[in-house]
Amino acid sequence: MNTFTLNRRNITIIASYLLLTALFFTLGLFIGFHNNNSPITEQVSANANNTPQNTLSPTVVTESPSVYRVILEDGELRLYSDCGGTSRLISGEAISEDAYPVSDIAALKKGVVFSSLDGAASLIENFIS
């Protein structure tokens with residue numbers, strides 16, 4: 001068998017694989033778009049061991065809260081949303097009071113008020129990280 005025939009056979013095999021791969025990829029895209037024209041609307045969690053994670057996330061509230069309050073109670077840094085005279089706990093994280101200056105702990109025990117959830121979440125993140 002000569003070299004020209006061998007190279008031609010290899011080129012034909014490689015071209016066949018590439019053509020079939022492109023064909024299957026295109027067919028998959030066509031079937032995917034044909035069955036569902038909308039983008040993915042469901043959010044998937046990548047929590048491998050299914051343990052609950054302590055994250056600060058806003059909850060759906062029918063009335064918007066007027067303020068968010070961060071307060072240190074019973075060794076826990078708690079985040080409350082205060083709206084119309086009612087207070088609702090959003091999150092709580094245990095912290096060590098000995099690791100922070102006395103003035104910071106005293107201010108946290110009195111409570112720190114924020115007009116936005118971002119500010120309150122930022123304060124909590126500074127203390128728990």
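Everything numeric here is computed off the predicted structure, so don't read it as measured data.
Contact detail for Ile105 and Glu97: the closest heavy-atom pair is CG1-O, 3.7 Å. The minimum heavy-atom distance between Tyr68 and Ala120, with the atom names listed, is CB-CB, 4.1 Å.
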Before you tell me yes or no, could you show the steps for Leu123 and Leu108 under side-chain contact (heavy atoms from CB on, under 4.5 Å), namely the whole-Å CA-CA distance, both residues' side-chain angles and the distance that decides it to 0.1 Å? CA-CA 10 Å; Leu123 177 73; Leu108 286 173; 4.1 Å; yes

May I have the step-by-step check of side-chain contact (heavy atoms from CB on, under 4.5 Å) for Leu89 and Leu79, ending in yes or no? CA-CA 6 Å; Leu89 179 65; Leu79 172 63; 5.8 Å; no

Take Phe127 and Asp104 through the side-chain contact (heavy atoms from CB on, under 4.5 Å) test and state the conclusion after the steps. CA-CA 10 Å; Phe127 275 93; Asp104 290 348; 4.2 Å; yes

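Going from atom CG of Asp82 over to atom CZ of Arg88 covers 10.5 Å, rounded to the nearest 0.5 Å. How far NZ of Lys110 is from CG of Leu72: 13.5 Å, rounded to the nearest 0.5 Å. Interatomic distance, CG of Leu19 versus CZ of Phe24, reported as 10.0 Å (0.5 Å rounding). Distance check, rounded to the nearest 0.5 Å: CD1 of Ile95 to CD1 of Ile124 gives 9.5 Å.
Looking only at distances, no side-chain donor or acceptor of Ser122 sits under 3.5 Å from a matching main-chain atom of Asp118.
In this model, a donor atom of one side chain and an acceptor atom of the other lie less than 3.5 Å apart for Ser87 and Arg69.
Paired with Ser81 under the rule side chain to side chain contact (heavy atoms under 4.5 Å, CB included), one option of Ile90, Leu117, Thr86, Val67 passes, and it is Ile90.
The ring pair (Phe, Tyr, Trp, His ring centres under 6.0 Å) pairs that include a residue from residues 70-98 number zero, where partners must be two or more places apart or lie in different chains.
Cluster annotation: Ile128 and Val112 are assigned to the same hydrophobic cluster (Ile/Leu/Val/Met/Phe/Trp/Tyr, side-chain heavy-atom contacts under 4.5 Å, transitive).
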